[in-house]
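Structure, as structure tokens:
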Amino acid sequence: MYENIIGHRSIVEHLSGLIRSGEFPPAILLSGGSSAGKLTIALETARALMCRNSTALWNCGCASCEKHRRLSHPQMLLLGNKN
């Protein structure tokens with residue numbers, strides 16, 4: 001889980017703990033400067049929460065993780081500009 005996140009160790013540990021404990025809040029707010037990794041963390045969090053194997057490893061072969069990696073999961077909605 002979160003293997004492709006560079007840096008942000010404390011954030012990754014906190015989010016991983018929330019997911020593993022089943023206590024993930026209904027909403028989170030990620031803030032930071034441009035190119036800080038907010039989108040990557042958000043996408044990885046969505047993938048981890050939807051993983052059917054509950055491992056959310058980057059190479060997970062479940063259908064949900066495959067769709068998330070292709071950004072084609074039917075329950076994922078990306079809004080905003082694509083720069």
Side-chain angles (χ1 to χ4, degrees):
M1 184 179 318
Y2 295 105
E3 303 94 78
N4 65 333
I5 303 297
I6 299 170
H8 306 294
R9 181 176 303 271
S10 62
I11 294 169
V12 165
E13 288 175 1
H14 181 68
L15 292 174
S16 296
L18 289 172
I19 291 170
R20 286 190 185 107
S21 70
E23 297 178 1
F24 202 84
I28 62 172
L29 175 64
L30 300 172
S31 66
S34 178
S35 301
K38 300 177 298 288
L39 178 60
T40 304
I41 291 172
L43 290 171
E44 277 300 285
T45 300
R47 191 178 64 77
L49 289 169
M50 302 283 293
C51 179
R52 301 211 178 176
N53 294 331
S54 300
T55 61
L57 295 173
W58 180 249
N59 61 353
C60 177
C62 80
S64 180
C65 285
E66 292 282 342
K67 290 176 185 174
H68 270 279
R69 282 192 296 272
R70 290 191 312 264
L71 300 178
S72 64
H73 197 285
Q75 294 181 0
M76 180 173 55
L77 176 63
L78 294 175
L79 299 173
N81 60 10
K82 292 185 177 185
N83 53 2

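Given the structure is predicted, the values throughout are model-derived calculations rather than measurements.
A heavy-atom distance below 4.5 Å is not found between the side chains of H68 and L43.
Within 6.0 Å of atom CZ in R70, more than 12 heavy atoms from other residues, nucleotides or ligands are found, so the atom counts as buried in its surroundings. The neighbour count for K38 NZ, taken as heavy atoms of other residues, nucleotides or ligands under 6.0 Å away, is above 12. Within a 6.0 Å sphere centred on CZ of R69, heavy atoms belonging to other residues, nucleotides or ligands number more than 12.
Transitive grouping of hydrophobic side chains (ILVMFWY, heavy atoms separated by less than 4.5 Å) keeps L39 and L15 in distinct clusters. When hydrophobic clusters are built by joining Ile, Leu, Val, Met, Phe, Trp and Tyr residues whose side-chain heavy atoms come closer than 4.5 Å, directly or via intermediates, L57 is not grouped with L49.
K67 pairs with exactly one of M50, H73, Q75 by the side-chain contact (heavy atoms from CB on, under 4.5 Å) rule, that one being H73.
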Report, one line per pair, each donor and acceptor closer than 3.5 Å where one atom sits in a side chain of residues 21-35; sequence neighbours left out.
from : atom 1 : to  : atom 2 : distance (Å)
S21  : OG     : G17 : O      : 3.1
S21  : OG     : L18 : O      : 3.1
S21  : OG     : E23 : N      : 3.3

Could you pull out every donor-acceptor pair under 3.5 Å between side chains of residues 1-8 and any protein atom, sequence neighbours left out?
from : atom 1 : to  : atom 2 : distance (Å)
Y2   : OH     : T45 : OG1    : 2.7
E3   : OE1    : W58 : N      : 2.5
E3   : OE2    : M1  : N      : 2.3
H8   : NE2    : A36 : O      : 2.8

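Side-chain N or O atoms of R47 include one that pairs as donor or acceptor with a backbone N or O of A56 at under 3.5 Å.
Heavy-atom minimum distance, S64 versus C51: OG-N, 4.3 Å.
Distance check: L71 CG to L78 CG gives 6.0 Å after rounding to the nearest 0.5 Å.
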